[in-house]
Amino acid sequence: MAAKSLPPDRILVIEDEPEIAEMLKLNLEAEGFQAETAGDGGAGLAIQESRPADLIVLDLMLPRVGGMEVLHILRRRRDPVPVLILTARTGDADLLQGLAQGADDYLGKPFSTLELIARIRAILRRTRNQESQPRILRSGPFRINFLQLDVHRGRTNLNLTLREFRLLEVLLSNPGRVNSRQELLNMAWDPDGKPMPKTVDVHIGTLRKKLGDTDKSPFIQTLDREGYRWMLPVTPEAG
Ligand code: CA
């Protein structure tokens with residue numbers, strides 16, 4: 001007996017320009033996907049709630065509920081659906097914020113449909129591989145959840161800002177290694193914002209305070225000229 005084939009992946013396209021939405025739907029269907037379109041953020045969120053898609057293609061510039069707001073609401077709902085952002089402008093603050101808020105990839109408009117479909121396949125492959133991998137890290141007394149973008153110490157949610165979370169993420173990705181202020185700026189900030197390196201010190205300061213860090217045995221060690229380093233071992237949490 002032939003193996004039963006998997007049902008096609010469902011893609012939800014949230015895009016207010018009908019020609020683009022329709023063109024995407026046709027092309028996705030031609031590639032074997034099941035595709036559905038929504039003309040604004042509210043409609044997209046409603047569809048995702050009743051018939052969850054395997055991936056969402058999300059335009060940022062949408063009437064009423066904008067793309068960023070849609071992404072924000074999805075993540076607040078704890079919906080882990082991968083999101084690929086479409087944007088007319090690349091490198092803008094919204095886009096980087098989108099990536100920081102849990103979008104998986106982006107394409108600048110105008111885009112090639114072939115490119116979009118290749119990206120969609122890559123994201124679906126990646127998320128499928130990740131499903132068995134931990135999305136939670138443990139380090140010292142901390143539990144860092146990358147799905148929910150929060151950090152707990154014991155049962156206490158440390159309520160990090162997105163910026164503090166991004167900073168911590170960069171530090172944790174290189175435990176024991178010194179990260180220069182410039183590196184931290186490059187990885188945790190919008191490159192258009194051009195903050196001063198001093199800004200890093202300010203945010204590290206608030207982060208250390210929330211972590212309950214002390215100078216005696218610091219979690220984040222400050223090396224005056226060089227930068228900062230995370231001092232504890234980091235391990236993935238299984239399950
Ligand atoms: Ca639009």
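Order of appearance sets the numbers: ligands from 1, and atoms from 1 within every ligand.
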Peer 1: How many angstroms lie between CZ in R229 and OG1 in T222, if you round to the nearest 0.5 Å?
Peer 2: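 Separation between the atoms: 10.5 Å.
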Peer 1: Protein N/O/S atoms under 3.0 Å of the Ca ion (ligand 1)?
Peer 2: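 Short answer, with waters excluded from the count: D16 OD1, D59 OD2, M61 O.
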Peer 1: In plain terms, say whether E36 and K25 are close enough for a salt bridge, that is, a side-chain N and a carboxylate O under 4.0 Å apart.
Peer 2: no
Peer 1: Sequence neighbours left out, what passes side chain to side chain contact (heavy atoms under 4.5 Å, CB included) with S217? Give chain and number order.
Peer 2: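 S217: side chain to side chain contact (heavy atoms under 4.5 Å, CB included) contacts with T214.
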Peer 1: Does V151 belong to the same Ile/Leu/Val/Met/Phe/Trp/Tyr cluster as V234, with side-chain heavy atoms less than 4.5 Å apart forming each link?
Peer 2: yes
Peer 1: Between F219 and Y228 (judged by ring centroids, cut-off 6.0 Å), do the two rings come close enough to count as a pair?
Peer 2: no
Peer 1: Could D16 and R64 be called an ion pair, given the rule that one side-chain N must be under 4.0 Å from one carboxylate O?
Peer 2: no
